[in-house]
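Here is the structure we will look at.
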Amino acid sequence: KEAHRLKRSSQSGLPAGRKSMAKTASAPELVRLKGAAKAVQLLGGLKALRRAGMGEDGEDGGEAPVPEMTVMERVLRDCLDDLPALEKLEVELQQAGDPVDEFGGARHASKVVADRTLGVVRRKLHLMREVTSRKSAFGALVGKREEIFEAVGKGQEVDLEL
């Protein structure tokens with residue numbers, strides 16, 4: 001048995017007992033290996049991108065269930081969004097898309113749809129921030145309504161800018 005093991009290891013060019021040691025690769029082989037590694041990274045990034053904003057995987061470690069609506073549809077339809085949840089979704093979509101860009105998948109269909117979704121999320125965030133600031137300004141004016149009524153009653157000009 002020992003002779004057979006030594007014969008096998010000498011044929012592979014590796015020391016006995018070191019079968020798992022990598023042999024040196026030629027330049028084309030290295031390019032192919034780097035390309036394969038890049039492809040694996042890209043596919044992993046696309047998978048993460050497609051699952052961004054869909055919640056956690058199942059408890060058993062299986063795949064997350066297929067949602068009834070896409071993330072974009074959910075963002076467009078939901079009238080009860082809050083700023084922190086949308087900000088978290090924005091960060092999640094951005095972080096999921098960065099590796100895809102890095103590994104050359106910027107024009108992949110999943111990336112294009114994710115970029116559109118990110119644009120929808122950012123637009124909704126912008127509108128919600130604007131509405132929130134106007135709501136605060138309106139609340140401040142409501143708090144001063146007695147003063148405003150008195151000033152208008154006296155014929156004074158009142159700044160009612162919201």
Side-chain angles (χ1 to χ4, degrees), residues 8-9 11-15 17-145 159-162:
R8 258 194 349 216
S9 67
Q11 287 174 347
S12 68
L14 298 174
R18 300 294 299 224
K19 244 174 74 172
S20 64
M21 182 187 286
K23 63 180 184 178
T24 58
S26 64
E29 191 175 349
L30 283 175
V31 170
R32 184 183 61 77
L33 291 174
K34 285 182 182 180
K38 183 178 175 181
V40 168
Q41 293 292 326
L42 176 59
L43 290 174
L46 288 169
K47 180 178 179 182
L49 186 63
R50 285 189 294 270
R51 284 156 181 73
M54 290 188 174
E56 299 296 318
D57 287 347
E59 292 178 8
D60 61 351
E63 294 292 317
V66 177
E68 294 179 18
M69 289 188 262
T70 65
V71 175
M72 184 187 300
E73 289 171 332
R74 197 174 64 219
V75 169
L76 288 170
R77 290 183 184 191
D78 196 356
C79 297
L80 302 175
D81 283 329
D82 58 341
L83 284 173
L86 280 175
E87 288 167 346
K88 179 182 174 192
L89 178 59
E90 178 188 24
V91 168
E92 191 176 338
L93 285 169
Q94 182 64 46
Q95 288 176 346
D98 287 345
V100 174
D101 286 338
E102 181 182 336
F103 293 109
R107 298 307 307 159
H108 189 277
S110 295
K111 175 64 170 147
V112 171
V113 170
D115 285 345
R116 280 190 204 151
T117 303
L118 183 58
V120 167
V121 169
R122 287 180 174 161
R123 175 72 175 147
K124 191 166 187 178
L125 274 170
H126 170 73
L127 292 173
M128 286 184 65
R129 287 179 182 130
E130 194 172 307
V131 167
T132 302
S133 69
R134 287 184 180 195
K135 181 181 172 187
S136 298
F138 182 75
L141 285 176
V142 168
K144 298 190 303 185
R145 70 178 174 258
D159 182 26
L160 298 178
E161 180 136 356
L162 291 178

side-chain contact (heavy atoms from CB on, under 4.5 Å) partner of P84, chosen from L86, D82, D81: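 Among L86, D82, D81, the one that satisfies the side-chain contact (heavy atoms from CB on, under 4.5 Å) with P84 is D82.
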Between [atom1] of [X] and [atom2] of [Y], what distance do you get to the nearest 0.5 Å?
X    : Y    : atom1 : atom2 : answer
L118 : E92  : CG    : CD    : 11.5 Å
S136 : L141 : OG    : CG    : 11.0 Å
R74  : L89  : CZ    : CG    : 7.0 Å
K88  : L93  : NZ    : CG    : 12.0 Å
R122 : T117 : CZ    : OG1   : 12.0 Å

Short N-O contact, R134 and E130, less than 4.0 angstrom: yes
Assess whether a salt bridge exists between E90 and K124, defined as any Lys/Arg side-chain N lying under 4.0 Å from an Asp/Glu carboxylate O. no
Distance-minimising heavy-atom pair for V112 and A106: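 Shortest heavy-atom contact: CG2-O, 4.3 Å.
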Compare all side-chain heavy atoms of E87 with those of V91 and state whether any distance is below 4.5 angstrom. no
